[in-house]
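Quantities reported herein were computed from a predicted structural model and do not represent experimental measurements. We name chains A, B, ... by the order of the sequence lines, and we start the count at 1 in each one.
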Amino acid sequence: MTASLRSTACNPLTLLESSSTLREVHQIHCQLLVRGLLGDPPYLSKFVAILALSQNNPHHLPYSRLVLAHSPSPPTVFALNSLIRAHSNTSSDPLQAFHFYRQILHSPSLSPDNYTFTFLIRASSNLPTAAAAASAATHAAALTRGHELQDPDIVTKTAMVGAYAAAGEIDAARKLFDDIPHRDDIAWNAMIAGYSHVGRSKEALELFSSMQIVGVSVSEATIVSVLTACAQLGALDQGRWAHAYIQKNKFQLSVTLGTALIDMYSKCGNVGRAMEVFRSMPEKNVYTWSSAMSGLAMNGAGKQCLEIFDLMEKKELKPNEITFVSLLRGCSLTGLVDKGLEYFDSMKSKHGIEPWPEHYGCMVDMYGRAGRLEEALNFINNMPFKPHAGAWGALLNACRIHRNIELGELAQSKIMDIEVMNDGAYVLLSNIYAEFRNWKAVSTVREVMKGKGVRKEPGCSVIEVSGEVHEFLVGDKSHPMYCKIEAMVGEINGRLKVAGYEARTNEVFFDIEEEEKENAVSWHSEKLAIAYGLIVLNEGIPIRIVKNLRVCWDCHDATKFISKVFDREIVVRDRNRFHHFKDGLCSCKDYW
DNA sequence: GTTCACACTC
């Protein structure tokens, strides 16, 4: 042993930080007892804190609780704060944090401080339900105001902004944020992250530009949230800008930042660039690999997705559940059924990972898309737990693709047993009836929906033009350039007709309100967005659209024609994958 | 001490 190592070893607490087995911890604990160091409350607190926050072994946290419970001297706020922090970070039971909080409140000699509240708020935001988290956050806020903490510091307030956002109370978070007198960069980051997190991406980007106008410094965390927002919106221009910002300001390409970049490029349809980032990253973790795989899968590069996974195995990196969701989706979207089954079986046998309902859903989807409906049904019937709505949903979607009414009706009724208000299930079933031109059945489904108060989620498409995001809804007339857009849709329809395109109206009859039925085909939101793109984007610039729902057959056909007739590349990201349209063809090969 | 990354039948 070298001299420097020996001197480190002399400090038991330093040694404790790297201990990964309970045996080592026992030895250090004994040593401290023998040397009488634990009689000193600050020393004891430090011991408890290091142990509680150690990520080396899941048994360290319970052990730290025992140490504190059996100590002769009363706990300090520091020790209890550390336990609250430990339970707010990693514990699967954040409610435990409140147990230690009560201990502070009940002790006559202790009172909570700003640290206590910061960690408690963090614990609140990790509670399982949004309602619980919201009420806990409110509680913490009330306590903070009622307490001698008349003026909670900016750290506590920032944590509260994050807690409200995590609870889905984003407007309450914004109110808190606006009330912080001297907002620092971290407070701005928390608010931007909050918007990104709940999917209010446009507001995230708007707040980011205000942040720059005010002149607050931009950090890695800011850019990560901005990239997340760009990914959700499919805002490639702004995402590229953020990437350039990273390079110009010489930010280190950390694992988090690189992963966010991969995700952004993938979700903006530029998977080639995503893979360049992936290859250039000096350090990667399971998030990085999973993101790359998911990006390849959603862009239809199933083979490469599998290659990445094989490479990961070769490097003996441990995949997690999400890696397998990405992998199985890759297999599913490219029709690699047998390979998919092999991977699915290897989850348990080779990697010791118990499949989630989502993995079963992917398998059902995989068999179903391939037209192997009986096997898909078998897979559902042999699930080790009660099939969730998603498994039946995958089957129902397969029944739509492969036109199977009987099985479709079964799947739909199973979904109704689980989720009465599942609008997607009604729409899929009615689309199956429509394929068979059974309008009576279509209108029955419609009546049932009406009777139960189920509404179809409205279609919405967004397009980014020179860094600005434009949103279109079905039949939306609110855009300032609506007149020109309307004229362009007319031109599109005219030129498509000449080119031999015929509208398929089967599916759309159900999609919109009765009175709009006539024009429905022309007015699906992506058509408005494409028309707008044709008006404002110069020739040769691809039109990129992001849609919240699945593309309907008609729009898919029409977009193929548009790509040929207008000689324009069109990239559409629908609810779960990309369609790259060029010269009258689509990258999905009509398989989605 | 506070802010940041992967998926999900649709």
Does OP1 or OP2 of B:dA7 have a side-chain N or O of A:Arg329 closer than 4.0 Å?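 Looking at the OP1 and OP2 atoms of B:dA7, neither is under 4.0 Å from any side-chain N or O of A:Arg329.
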Would you say A:Ser294 places a side-chain N or O within less than 4.0 Å of OP1 or OP2 belonging to B:dA7?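 A:Ser294 to B:dA7 OP1/OP2: side-chain N or O found under 4.0 Å.
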Find the distance [X]:[atom1] to [N]:[atom2] and express it as a whole number of Å.
X: A:Trp289; N: B:dA7; atom1: CH2; atom2: P; answer: 17 Å
X: A:His388; N: B:dC10; atom1: NE2; atom2: P; answer: 11 Å
X: A:Phe119; N: B:dT3; atom1: CZ; atom2: P; answer: 10 Å
X: A:Leu317; N: B:dC6; atom1: CG; atom2: P; answer: 19 Å
X: A:Tyr245; N: B:dC4; atom1: OH; atom2: C1'; answer: 15 Å
X: A:Gln232; N: B:dC4; atom1: CD; atom2: C1'; answer: 13 Å
X: A:Tyr343; N: B:dA7; atom1: OH; atom2: P; answer: 19 Å
X: A:Glu457; N: B:dT9; atom1: CD; atom2: P; answer: 16 Å

Of the options [options], whose atoms approach the side-chain atoms of [X] most closely?
X: A:Glu358; options: B:dC6, B:dT2, B:dC8; result: B:dC8
X: A:Ile322; options: B:dA7, B:dT2, B:dT9; result: B:dA7
X: A:Val325; options: B:dC8, B:dT9, B:dC4; result: B:dC8
X: A:Ser290; options: B:dC8, B:dT2, B:dC6; result: B:dC6
X: A:Arg85; options: B:dG1, B:dA5, B:dT3; result: B:dG1

Contact class for [X] vs. all strands (heavy atom < 4.0 Å): base, sugar-phosphate, or nothing?
X: A:Ser254; value: nothing
X: A:Trp356; value: base
X: A:Ala159; value: nothing
X: A:Thr256; value: base
X: A:Asp185; value: nothing

Which residues pass the ring pair (Phe, Tyr, Trp, His ring centres under 6.0 Å) test with A:His388, not counting sequence neighbours?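 A:His388: no ring pair (Phe, Tyr, Trp, His ring centres under 6.0 Å) contacts found.
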Residues of residues 263-272 of chain A with any non-hydrogen atom less than 4.0 angstrom from an atom of DNA chain B: list those, numerically ordered, please.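 A:Asp263, A:Lys267 - these, ordered by number, are the residues of the stretch whose heavy atoms sit under 4.0 Å from the strand.
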Qualifying residues under side chain to side chain contact (heavy atoms under 4.5 Å, CB included), relative to A:Ile186, sequence neighbours excluded: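 Side chain to side chain contact (heavy atoms under 4.5 Å, CB included) check on A:Ile186 returns A:Thr158, A:Asp184.
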List for me each residue that meets salt bridge (Lys or Arg N to Asp or Glu O under 4.0 Å) alongside A:Lys414, sequence neighbours excluded, and say none if there are none.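 Here no residue qualifies.
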Short N-O contact, A:Arg369 and A:Asp365, less than 4.0 angstrom: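 Salt bridge between A:Arg369 and A:Asp365, a charged N being under 4.0 Å from a carboxylate O: yes.
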Tell me if the NE2 atom of A:His197 is crowded by more than 12 foreign heavy atoms within 6.0 Å.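 No, not enclosed.
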Any side-chain donor paired with an acceptor under 3.5 Å for A:Ser326 and A:Thr323?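 Result is no, nothing qualifies.
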Regarding B:dT9, can its base be found pairing with the side chain of A:Asn397 as donor and acceptor, where the two atoms are less than 3.5 Å apart?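 By the distance-only test, no, there is no pair.
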Can you tell me which residue pairs pass the ring pair (Phe, Tyr, Trp, His ring centres under 6.0 Å) test with a partner in residues 390-418 of chain A, sequence neighbours excluded?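 Output for this query is empty, none listed.
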Quick test of your reading: applying salt bridge (charged side-chain N to carboxylate O under 4.0 Å, His left out), list the pairs with at least one residue in residues 271-287 of chain A, sequence neighbours left out, ordered by first then second residue.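 Output for this query lists A:Arg273-A:Glu276.
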